[in-house]
J.: 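Please see the structure below; I have some questions.
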Amino acid sequence: GINAEYGSYIQDRITLFDKLYSEYQEFLTTRERKPIKVTLPDGKVVDAESWTTTPFDVASGISAGLAQNSVISKVNGALWDLDRPLEGDCNIELLNFSSREGKEVFWHSTAHVLGEAMERRYGGCLCYG
């Protein structure tokens, strides 16, 4: 549980996340779904649906192993979370831990997990990062 001795900032952070996530989910319901084309690095084109299909879905359609090993994707050259819906026709790359960017994203994300664990165990507020 959360150590109340160190204040409510962790619960406040969780509450803010839940609020923003709920707002984003509501935003997604307002987006028009339409067929899109997703182009893979080898030139293969995959049919998908805007605002519904995610990079993880694309990876899963190729192979379970690819989906399980992907850390992050790049959509039209920009880093894109695996669970973020695609918005339109795009080029996609699926990156695993072997790639430089895959390592950077993994290490950054795990630093947040470690930071919150340290906050919960020892108190304090790690505000940056």
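For clarity, every value in this text was computed on a predicted model and none was experimentally measured. Numbers here simply count residues along the sequence, with the first being 1.
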J.: Do the side-chain N and O atoms of T54 and D57 include a donor-acceptor pair separated by under 3.5 angstrom?
T.: yes
J.: Show the nearest heavy-atom pair for residues S99 and N96, with the distance to one decimal.
T.: OG-O, 2.9 Å
J.: Quick check for you: to the nearest 0.5 Å, what is the distance between E101 atom CD and I72 atom CD1?
T.: 9.0 Å
J.: With rounding to the nearest 0.5 Å, note down the distance linking OG1 in T53 to CZ in R84.
T.: 14.5 Å
J.: Where the side chain of S22 meets the backbone of K19, is there a donor-acceptor pair that is under 3.5 Å apart?
T.: no
J.: Check R13 with E119, please: is the shortest side-chain N to carboxylate O separation under 4.0 Å?
T.: yes
J.: Nearest 0.5 angstrom please: K103 NZ to S98 OG, how far?
T.: 5.5 Å
J.: Please name the pair of heavy atoms, one in L66 and one in S70, separated by the smallest distance, quoted to 0.1 Å.
T.: O-OG, 2.7 Å
J.: With sequence neighbours excluded, what pairs up with Q25 under the side-chain contact (heavy atoms from CB on, under 4.5 Å) test?
T.: Y21, L28
J.: Could you state the interatomic distance from NZ (K34) to CD (E49), rounded to the nearest 0.5 Å?
T.: 11.5 Å
J.: Just wondering, do L86 and V38 contact through their side chains at under 4.5 Å, heavy atoms?
T.: yes
J.: For the residue pair I36 and D47, establish whether any side-chain heavy-atom pair is separated by less than 4.5 Å.
T.: no
J.: Could you check whether R33 and S50, counting side-chain N and O atoms only, form a donor-acceptor pair closer than 3.5 Å?
T.: no
J.: Apply side chain to side chain contact (heavy atoms under 4.5 Å, CB included) to the pair W51 and E87, showing each step before the final yes or no.
T.: CA-CA 5 Å; W51 301 105; E87 299 172 5; 3.3 Å; yes
J.: For L114, give me all partners under side-chain contact (heavy atoms from CB on, under 4.5 Å), at least two apart in sequence or on another chain.
T.: M118
J.: To the closest 0.5 Å, what do you measure between NZ (K74) and CG (L94)?
T.: 12.0 Å
J.: Side chain to side chain contact (heavy atoms under 4.5 Å, CB included) for V71 and L95? Distances and angles first, verdict last.
T.: CA-CA 6 Å; V71 175; L95 305 175; 5.8 Å; no
J.: What residue pairs, at least two apart or across chains, pass ring-ring contact (aromatic ring centres under 6.0 Å, His included) with a residue in residues 65-91?
T.: none
J.: When you look at V46 and I62, which way does the side chain to side chain contact (heavy atoms under 4.5 Å, CB included) test go after all the steps?
T.: CA-CA 10 Å; V46 177; I62 297 169; 5.5 Å; no
J.: Has S109 got a side-chain atom pairing as donor or acceptor with F106's backbone, closer than 3.5 angstrom?
T.: no
J.: What about F56 and L40, same hydrophobic cluster or not, with Ile/Leu/Val/Met/Phe/Trp/Tyr joined at side-chain heavy-atom distances under 4.5 Å?
T.: yes
J.: Could you tell me which non-hydrogen atom of V105 sits nearest to which non-hydrogen atom of L79, and how far apart they are?
T.: CG2-CD1, 4.2 Å
J.: Under 4.5 Å between any side-chain heavy atoms of T52 and P85, yes or no?
T.: no
J.: Rounded to the nearest 0.5 Å, what's the gap from OG on S73 to CG on N91? Could you check?
T.: 12.0 Å
